[in-house]
Trainee: 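First the structure, which I've put down as structure tokens, then a few questions once you've had a look.
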Amino acid sequence: MRATVIAAFFGVFLTCTYTAKEATKKTKKAKLYVPQIDCDVKAGKIINPEFIAKCPPGCQDVKHRVYGTDIYASFSSVCNAAIHSGIIDNTGGKVLVQKVAGHSGYRGSFSNGVRSLSLPRWRESFLVSEGKPRKGVTYPSTLEYSSSKSTAVKSEPKKPEQDLKGMKSADTANTSEKTSDQGDTARKEHQTTPEPTPATEMATTTPTPTTTTTEPSTTVPQPTTTPAAPRTTAAPAKARPGLHRGRDMGSSSVHPAYASVVAAAARQVQAAQGRGQNTGAQHQEPVATFQRAASSPVHLAMEIDSWKPGLSLFDTGFTSKEELNPKPLEPISQGNQNCKVDLSFLMDGSWSIGKRRFQLQKRFLGNVAQALGIGNAGPLMGIVQYGDDPSTEFNLKTYANSKDLRNAIEKIQQKGGLSNVGKALSFVNKNFFLDANGNRGGAPNVVVVMVDGWPTDRVEEASRLARESGINIFFVTVEAAAQSEKQNVIEPNFVDKAVCRTSGFYSINVPSWFSLHKVVQPLVKRVCDTERLACSKTCLNAADIGFVIDGSSSVGTGNFRTVLQFVANISKEFEISDTDTRIGAVQYTYEQRLEFSFDKYSTKQDVLNAIKRISYWSGGTSTGAAISYASEQLFSKSKPNKRKIMIVITDGRSYDDVSMPAMAAHQNGVIAYSVGVAWAAPDELEAIASDPAKEHSFFVDDFDNLYHYVNQLIQNICTEFNSQPRN
């Protein structure tokens, strides 16, 4: 009997063991289904806060725009951003996408055959990394789109004409909601379902990715509450494996789907508090980041105010909510307010410098810190030491006064190694000027490179990428290569290749380390001369843009209002102030009329209101005379450091010659774009446009299709700006 019982027991045991093993095998065999996305899919259109997707071949195309470097604005193409970052190439592949908080600035660069553009700010960002699942995270097999679409069944992309259908009903359905939002009529996005802001997504959407240790019912933090919420729920920052280029975005004990967003926001708040700053004024507070997102007018999407028949013209975002919301007050003044720059010193720690000269270098940096007048309302300074590899000694937010900074400099120990300046510049470009490290956004970014003799690697490419990111590079070269060492020089004339070529403004040569003290004041004076820091200019804040608008009889009143909408949509994408981009306008028929000059309005809201008030003139078409008039009345009064951009909009052939006035304008430094509608003559459009004409001239068959070229025109302006030498 006993034997029978034992046998039965072992039989049951073996059966259970076999069943468990089979279940384990089935679990191990379960594979993640990776949804495929198209090349033009933007990260912001996908609701999931973290997902893996497969990109098709052929996404490396200028039409799939990318904004930023390493951290990308959510308006960027996911697949082309992955190519730009080096995660995949043009053959496609899997990519892991993680949403993070919005940034106050995105730096453009050229990488892996893709040129990304700069953007002052955006409401949401994302990171890309290798398309491998992170441990403990379950990824969706079907992506949630903001329009409730799924990638499980791919559908044909809608044509722009189809997108226009149903917009009126969508606007009607959303009227009550938008009216209650503090009377905001600034950005009625013409989509069937508007793209949600990060705050909306977090409040209303249940994220798909979950971990095995966190229950789905865990309370989701709301970024639109007080700043205390993320500070009390976020755990200390930890390194997250799998992020591109080792970015540390932190982790959190809150729901894992939002860990990266909340942790990043919390660190920004804590960092700003550590400096005793008004976080709102420094763009560090997560509440300000998310709330400002919905009102930010800086977005280069077709979703901006797409004009269509049947809608009231100025209900489509003619005003800018950003201008309606007053910005927080600046914190109490500290430091030299006449020198508000974010400064990084690249300190030479190579063995070639020797211990004694390394001490002289530290004394020099301390004297510079004292002369600058470090403070939260003035210059902030951090130091990166380089040798074989660069490392940050301390960043911008570490010290907020000259005394503490000088004491910290004295404690720096020499690294040793080679003088890899190029590697150090790449490091600073990618890692130093981040919001989390104290970058203030509104202050110019400046790098001062200390070099003993000559670099041991190439600096030209790294410097170019840094300049394209808006960084002003100064070189302080001490001594030079000895005669016996010149054969080892990697890159002769490296300074001329690395800095902005402005008559030696960005370079100082010192014959000996013992005479460094003589250049403290000259260097400080140059660093603080923000008017000459040309490398901090971007395509959105460095131009005088003059619109030359055809008001002839053939246009008609309704179409003229559509043209004004087109002008407004372009204008609102630029950073407008008396020191940034300025806007002017001329209307013409047989005669010409200056609607407003460059110095008339200094805020975006005033410019948009002025465009709205332009009245239709009606008459003949003398485009050549209008170009000459604009050259004299607008661009002759342009500032010397501004790029002069003329945008001519016409619907017919001119009664006078356009080629000679256009040529004269080109010779005076005016970059001309021509936009032709309906009966405009192609040969005249090419004559008006700057070279190459195909990138500076556009044609549409109908006024209602003008909005298609808002994004393309701005992209061409930015691409041209980024490709020009910074002389």
Side-chain angles (χ1 to χ4, degrees), residues 334-350 353 356-386 390-415 421 424-425 428 432-433 437-440 443-452 466 471-479 495 498-500 504-530 532-533 535-536:
Q334 294 178 335
N336 180 10
Q337 297 180 61
N338 296 321
C339 181
K340 188 175 181 180
V341 296
D342 288 344
L343 175 64
S344 171
F345 266 88
L346 285 187
M347 187 180 189
D348 191 342
S350 62
I353 193 174
R356 186 180 182 187
R357 289 180 292 181
F358 187 76
Q359 292 299 321
L360 292 173
Q361 182 179 206
K362 292 199 297 184
R363 185 184 304 171
F364 170 73
L365 294 180
N367 292 338
V368 170
Q370 183 66 39
L372 282 169
I374 301 299
N376 290 330
L380 293 178
M381 177 174 161
I383 289 182
V384 171
Q385 185 182 174
Y386 69 90
S391 62
T392 302
E393 297 291 344
F394 45 83
N395 59 34
L396 295 169
K397 67 182 181 182
T398 309
Y399 300 104
N401 62 76
S402 298
K403 181 180 179 180
D404 291 344
L405 183 57
R406 294 187 73 177
N407 291 336
I409 291 172
E410 280 300 315
K411 298 176 183 178
I412 295 176
Q413 299 297 314
Q414 188 174 4
K415 285 173 60 70
V421 177
L425 281 168
V428 168
F432 189 85
F433 293 107
N437 293 337
N439 185 48
R440 292 173 289 183
N445 294 157
V446 178
V447 170
V448 178
V449 186
M450 305 289 296
V451 183
D452 173 51
I471 297 175
N472 301 271
I473 302 175
F474 288 82
F475 266 76
V476 177
T477 53
V478 188
E479 300 180 354
V495 173
V499 301
C500 289
F505 177 75
Y506 285 93
S507 59
I508 298 177
N509 179 256
V510 186
S512 168
W513 285 94
F514 295 97
S515 50
L516 260 180
H517 63 279
K518 297 180 181 179
V519 301
V520 170
Q521 290 299 332
L523 178 62
V524 168
K525 184 177 180 180
R526 297 187 193 189
V527 166
C528 293
D529 190 356
T530 55
R532 295 186 67 181
L533 298 182
C535 287
S536 62

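What you see below is based on every heavy atom in this structure, not just the backbone, and it leaves out hydrogens, waters and symmetry mates. Position 1 is the first residue of the sequence, and the numbers go up from there.
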Trainee: Is there a side-chain contact between M450 and L516 in this structure, where contact means two heavy atoms from C-beta onward sitting under 4.5 Å apart?
Mentor: yes

Trainee: Nearest 0.5 angstrom please: N338 CG to D529 CG, how far?
Mentor: 11.5 Å

Trainee: Just to verify, what does D348 make a salt bridge (charged side-chain N to carboxylate O under 4.0 Å, His left out) with, not counting sequence neighbours?
Mentor: none

Trainee: Would you give the length of the straight line joining atom CG of L365 to atom CD of E410, rounded to the nearest 0.5 angstrom?
Mentor: 10.0 Å

Trainee: Side chain of S402, backbone of I374: donor and acceptor closer than 3.5 Å?
Mentor: yes

Trainee: Which atom names give the shortest non-hydrogen contact between V384 and P390, and what distance separates them?
Mentor: CG1-CB, 4.0 Å

Trainee: Taking it one step at a time, do L396 and F432 satisfy side-chain contact (heavy atoms from CB on, under 4.5 Å)?
Mentor: CA-CA 9 Å; L396 295 169; F432 189 85; 3.7 Å; yes

Trainee: Are L372 and C528 side-chain neighbours, meaning at least one heavy-atom pair lies under 4.5 Å?
Mentor: yes

Trainee: Show the nearest heavy-atom pair for residues I409 and K362, with the distance to one decimal.
Mentor: O-CD, 3.2 Å

Trainee: If you measure from CG on N472 to CG on N445, what distance do you get to the nearest 0.5 Å?
Mentor: 8.0 Å

Trainee: Taking side chain to side chain donor-acceptor pair (under 3.5 Å) as the cut-off, I'd like each qualifying pair that reaches into residues 507-524, sequence neighbours left out, listed once.
Mentor: D452-W513, T477-N509

Trainee: Less than 4.5 Å apart, side chain to side chain, heavy atoms only: is that true for V368 and V524?
Mentor: yes

Trainee: About how many Å separate NZ of K525 and SG of C339, when rounded to the nearest 0.5 Å?
Mentor: 13.0 Å

Trainee: Over 60° means perpendicular and under 30° means parallel, so tell me whether F474 and Y506 are parallel, tilted or perpendicular.
Mentor: tilted

Trainee: Taking all non-hydrogen atoms of both residues, which atom of L523 and which atom of F364 are closest, and how far apart?
Mentor: CD2-CZ, 3.9 Å

Trainee: In Å and rounded to the nearest 0.5 Å, what is the CD to CG distance from Q370 to N367?
Mentor: 8.0 Å

Trainee: Is there a donor-acceptor pair under 3.5 Å between the side chain of K415 and the backbone N or O of Q385?
Mentor: no

Trainee: Just so I know, are the side chains of V478 and Q361 near enough to count as touching, which here means a heavy-atom distance under 4.5 Å?
Mentor: no

Trainee: On a heavy-atom basis, which atom in G373 and which in P379 lie closest, and how many Å separate them?
Mentor: O-CD, 3.3 Å

Trainee: Could you walk me through whether L405 and F394 satisfy the side-chain contact (heavy atoms from CB on, under 4.5 Å) test, starting with their C-alpha distance in whole Å, then the side-chain angles of each, then the deciding distance to 0.1 Å, before giving a yes or no?
Mentor: CA-CA 9 Å; L405 183 57; F394 45 83; 3.1 Å; yes

Trainee: Is there a donor-acceptor pair under 3.5 Å between the side chain of D342 and the backbone N or O of P444?
Mentor: no

Trainee: Side-chain contact, heavy-atom cut-off 4.5 Å: L425 with Y386?
Mentor: no

Trainee: Are the side chain of R440 and the backbone of N376 linked by a donor-acceptor contact shorter than 3.5 Å?
Mentor: yes

Trainee: Over all heavy atoms of both residues, which pair between F433 and V446 is shortest? Give the atoms and the distance, please.
Mentor: CZ-O, 3.5 Å

Trainee: Taking N395 for its side chain and G382 for its backbone only, find out whether a donor-acceptor pair lies under 3.5 Å.
Mentor: no

Trainee: Specify the closest pair of heavy atoms between F345 and M381, including all atoms of both residues, with the distance to one decimal.
Mentor: CD1-CE, 3.4 Å

Trainee: F358: which residues meet the ring pair (Phe, Tyr, Trp, His ring centres under 6.0 Å) condition with it, sequence neighbours left out?
Mentor: none

Trainee: Does R357 have more than 12 heavy atoms from other residues, nucleotides or ligands lying within 6.0 Å of its CZ?
Mentor: yes

Trainee: Measuring from atom CD1 of I353 to atom CD of Q414, what distance do you get when rounded to the nearest 0.5 angstrom?
Mentor: 6.5 Å

